[in-house]
Amino acid sequence: MHLLCRGHLKLLVVSLTAIVLLTGLYLLTGNLENDRSLLLKSCLTDTPAVEVFERAVFESRVRELEEENSQIRLQLSQSQGTTAQLAEGNYGNQQWGASADTVPEDGDIIAEEKDNHTDCPRTSTVQKCELIHVACVCAGHNASRDVVTLVKSILFHRRNPLHFHFITDTVANRILSSLFQSWMVPSVQVSFYDADELKSEVIVLDTDITFATDIAELWGIFKRFTDKQVIGLVENQSDWYLGNLWKNHKPWPALGRGFNTGVILLYLKRLRRISWEQMWRLTAERELMSMLSTSLADQDIFNAFIKQNPVLVHQLPCFWNVQLSDHTRSEQCYTEVSDLKVIHWNSPKKLRVKNKHVEFFRNLYLTFLEYDGNLLRRELFGCSSQSSPEGVQLQAGLEELDEDDLCYDFRRERLTVHRVHLYFLQYEYTTTEDDTDITLVAQLSMDRLQMLEAICKHWEGPISLALYMSDAEAQQFLRYAQASEILKKRKNVGYHIVYKEGQFYPVNLVRNIALKNANTPYVFLTDVDFLPMYGLYNYLRKSVVQLDMAHTKKALVVPAFETLRYRLSFPKSKAELLSMLDMGTLYTFRYHVWQKGHAPTNYAKWRTSTTPYKVEWEPDFEPYVVVRRNCPEYDQRFVGFGWNKVSHIMELDAEEYDLMVLPNAFMIHMPHAPSFDISKFRSSSSYRNCLNTLKDEFHQDLSRKYGATALKYLTAQRNI
């Protein structure tokens with residue numbers, strides 16, 4: 001009996017904690033204008049534990065993006081109209097894309113449609129620049145990734161300023177705050193509310209929602225609330241609350257089919273006035289005494305509360321939350337697919353649900369999944385937006401550039417703000433007790449994806465990878481990683497997406513993203529097309545202790561070799577590697593094309609050395625090193641190919657790091673096709689000239705920063 005009571009108590013605590021989590025947003029966000037909030041179904045997953053944005057481009061660029069968006073809308077509506085016709089009948093008369101382009105400029109709102117049709121006259125209920133508040137619960141890596149698709153669909157259609165409110169754990173806070181800060185969408189604010197103290201006791205269902213219309217239409221429904229109504233919900237479209245799905249099925253109490261909490265309108269001022277928090281808690285406590293547990297988390301408690309207080313509910317037309325799942329009445333929510341407003345993928349099978357228009361829904365979702373988020377950085381003309389410090393600094397930097405400068409494109413690239421999505425996949429790392437842990441740090445693009453599995457086999461320690469990709473490529477990478485048995489098992493690999501923008505590969509920016517998000521005291525700075533020797537991770541950790549890196553400034557050099565063979569029997573020891581060198585199977589790295597890059601490693605000495613030895617900096621030296629995580633970052637003026645690693649080693653040398661070559665460490669470069677930027681470097685004289693100009697400027701900056709100790713770099717440059 002005692003154990004039974006403890007079980008009941010645990011269930012009660014879990015459910016009440018869910019109440020507190022949700023109520024915390026409903027009641028404590030007192031800064032909401034008009035005390036209204038549009039709550040989207042929580043994105044919490046069972047994953048354990050995460051601001052202001054302003055103008056980032058010139059007005060001419062914004063107008064170009066508006067034009068591109070219009071073209072994309074037109075193409076999308078045409079393609080999806082075709083899909084709908086193939087699925088069932090002819091739905092081409094009303095294209096869904098028109099909902100974005102034909103909404104009146106003043107943010108007019110379509111009146112509630114009779115019989116789920118959109119023929120009623122429009123009524124103006126949302127002002128042009130009225131701020132719309134959107135709230136969401138989001139925790140963990142997966143939910144942080146999924147919520148981006150929802151945000152894209154909202155931004156695509158919106159014509160009003162937005163304020164997103166996220167209840168997050170530490171993981172989601174870190175991911176989403178970084179993403180929005182780098183996204184820099186005009187007229188968008190973001191606020192975060194801490195859920196860390198609650199999340200361990202909360203289980204909330206995951207949800208995928210896609211908007212097919214301007215969110216202002218939904219916001220305008222607040223005008224239709226009666227004086228007593230405080231909550232707007234859509235009727236549940238499954239038979240769950242009818243209690244006839246299986247034998248002894250006993251759902252929570254609800255009015256008829258109950259209501260689905262995928263999309264909720266909350267009138268916060270009225271909720272506070274009726275003491276919502278106390279009413280909600282009493283409902284949960286009373287029902288949990290008999291029901292013992294809640295299968296659908298907050299939705300169950302919502303429905304019990306509504307059954308007791310039906311007068312408080314404003315029922316929304318069901319096309320505001322079309323619940324795509326098997327065995328639902330979702331197809332009765334619309335006459336034509338163009339009537340739909342919000343698509344809710346509330347099925348474990350997600351995109352594989354049974355519906356006669358599932359291809360249309362899938363295409364709509366996939367469109368926003370892979371949509372270029374850079375195109376959503378468009379201004380809301382006529383709506384004032386306050387400039388952020390980052391925006392002001394960016395604008396000042398752009399104004400200082402000379403468009404007649406032959407190297408203008410290079411200098412402009414340095415000011416480009418790239419969207420960054422940290423920890424794109426699940427990441428787990430436990431700090432080691434001896435404080436010697438090392439993270440392998442590298443960057444890559446889509447054409448180097450095949451190296452990931454091999455690196456994971458060769459390096460068992462933590463890895464921080466920055467991937468330079470488009471939105472569509474990021475989804476390809478996601479599918480690749482989820483299908484790989486090797487990558488799925490590795491949770492200590494942090495994947496950070498840097499989204500493509502501009503004409504150059506911002507290689508040092510991407511490197512810095514990977515470096516800054518390493519979580520260990522030391523980092524191994526390498527490239528993704530190198531395979532470390534087996535056991536290098538543990539050998540480096542021992543070397544950290546042996547060379548007292550905790551109290552000295554040292555950079556441990558890992559000698560680099562290469563093979564021209566795509567299939568290589570990887571050497572298991574130094575002796576085996578030396579034998580392969582003698583046979584011509586392996587070479588010292590860049591021996592044939594750029595000996596300067598690694599000659600200072602002194603390979604002849606390395607062959608017989610048994611202890612670490614110090615080497616001196618020489619011009620164009622670019623070794624791969626292990627350093628403390630707080631080392632200087634890569635200089636981001638260098639993009640594409642050429643001099644990006646050289647400048648970093650010069651910075652380390654200027655800060656008086658000792659370069660120590662490790663006698664029993666090695667790495668091997670695997671062959672691959674040349675990158676696009678290497679080809680440009682080799683074929684374009686203007687590319688190389690601009691690179692030399694940037695090198696001269698870097699030398700000057702280094703001399704100003706480090707004084708007399710950096711004079712040798714200027715001397716070396718003049719002697720080259």
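Quantities reported herein were computed from a predicted structural model and do not represent experimental measurements. For reference, positions follow the sequence shown, starting with 1.
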Holding to ring-ring contact (aromatic ring centres under 6.0 Å, His included), I want the full list of residues that pass it with Phe477, two or more places apart in sequence or in another chain.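 Checked Phe477 against ring-ring contact (aromatic ring centres under 6.0 Å, His included); matches are Tyr495.
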Checking Phe305 now: which residues fulfil ring-ring contact (aromatic ring centres under 6.0 Å, His included) with it, not counting sequence neighbours?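 For Phe305, the residues satisfying ring-ring contact (aromatic ring centres under 6.0 Å, His included) (neighbours in sequence not counted) are Trp276.
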Just so I know, are the side chains of [X] and [Y] near enough to count as touching, which here means a heavy-atom distance under 4.5 Å?
X: Asn236; Y: Gln323; result: yes
X: Arg158; Y: Val185; result: yes
X: Leu340; Y: Phe361; result: yes
X: Arg377; Y: Glu501; result: yes
X: Phe156; Y: Thr367; result: no
X: Cys129; Y: Leu380; result: no
X: Pro310; Y: Leu255; result: yes
X: His314; Y: Tyr267; result: no

Determine, stepwise, if the pair His163 / Ser191 fulfils side chain to side chain donor-acceptor pair (under 3.5 Å). CA-CA 8 Å; His163 190 160; Ser191 297; 2.7 Å; yes
Please evaluate residues Ile274 and Leu312 with respect to the criterion side chain to side chain contact (heavy atoms under 4.5 Å, CB included), reporting the C-alpha separation (whole Å), side-chain torsions for both, the decisive distance (0.1 Å), and the verdict. CA-CA 10 Å; Ile274 65 173; Leu312 301 180; 3.9 Å; yes
[X]: which residues meet the salt bridge (Lys or Arg N to Asp or Glu O under 4.0 Å) condition with it, sequence neighbours left out?
X: Lys307; value: none
X: Glu473; value: Lys500
X: Arg273; value: none

Locate the shortest heavy-atom distance separating [X] from [Y]; write the atom from each residue and the value.
X: Tyr499; Y: Ala474; result: CE2-CB, 4.2 Å
X: Ala304; Y: Glu287; result: CB-CG, 3.8 Å
X: Tyr468; Y: Pro506; result: CZ-CD, 3.3 Å
X: Tyr371; Y: Lys152; result: O-NZ, 2.7 Å

In terms of ring plane angle, is the pair [X] and [Y] parallel, tilted or perpendicular, where the classes change at 30° and 60°?
X: Trp280; Y: Phe302; value: perpendicular
X: Phe368; Y: His157; value: perpendicular
X: Phe166; Y: Phe192; value: parallel

Tyr423/His496 aromatic ring centres below 6.0 Å: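 Yes, the ring of Tyr423 comes within the 6.0 Å limit of the ring of His496, centre to centre.
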Roughly how far apart are [X] [atom1] and [Y] [atom2], rounded to 0.5 Å?
X: Leu422; Y: Asn517; atom1: CG; atom2: CG; result: 4.5 Å
X: Ile264; Y: Gln299; atom1: CD1; atom2: CD; result: 8.5 Å
X: Phe319; Y: Ile343; atom1: CZ; atom2: CD1; result: 11.5 Å
X: Ile215; Y: Leu162; atom1: CD1; atom2: CG; result: 6.5 Å
X: Thr149; Y: Asp471; atom1: OG1; atom2: CG; result: 9.5 Å
X: Ser187; Y: Arg159; atom1: OG; atom2: CZ; result: 14.0 Å

Stepwise, does the side chain to side chain contact (heavy atoms under 4.5 Å, CB included) test hold for Leu316 with Asn321? CA-CA 9 Å; Leu316 305 177; Asn321 182 2; over 6 Å; no
Once salt bridge (Lys or Arg N to Asp or Glu O under 4.0 Å) is applied, what residue pairs with a partner in residues 364-374 remain, sequence neighbours excluded?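 Residue pairs with at least one partner in residues 364-374: Glu370-Arg479, Asp372-Arg419.
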For [Y], does its backbone N or O pair with a side-chain atom of [X] as donor and acceptor, under 3.5 Å?
X: Ser182; Y: Leu179; result: yes
X: Ser178; Y: Arg174; result: no
X: Arg36; Y: His133; result: no
X: Asp339; Y: Glu336; result: yes
X: Asn260; Y: Val234; result: no
X: Ser153; Y: Phe211; result: yes
X: Trp183; Y: Gly373; result: yes

Quick check on Gln393: does its CD atom have over 12 non-hydrogen neighbours (other residues, nucleotides or ligands) under 6.0 Å away?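 Open.
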Before you tell me yes or no, could you show the steps for Arg145 and Asn142 under side chain to side chain contact (heavy atoms under 4.5 Å, CB included), namely the whole-Å CA-CA distance, both residues' side-chain angles and the distance that decides it to 0.1 Å? CA-CA 5 Å; Arg145 183 178 66 246; Asn142 295 338; 3.4 Å; yes
Is there a donor in the side chain of Tyr193 and an acceptor in the side chain of His165, or the other way round, less than 3.5 Å apart?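 The answer is yes; a qualifying pair exists.
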Taking Cys136 as the fixed residue, which of Ile167, Val147, Ile209 is the one that meets the side chain to side chain contact (heavy atoms under 4.5 Å, CB included) rule?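 Considering Ile167, Val147, Ile209, a side chain to side chain contact (heavy atoms under 4.5 Å, CB included) with Cys136 is found only for Val147.
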Test side chain to side chain contact (heavy atoms under 4.5 Å, CB included) on Leu401 and Arg412; report intermediate values, then the result. CA-CA 7 Å; Leu401 297 181; Arg412 175 67 178 82; 4.1 Å; yes
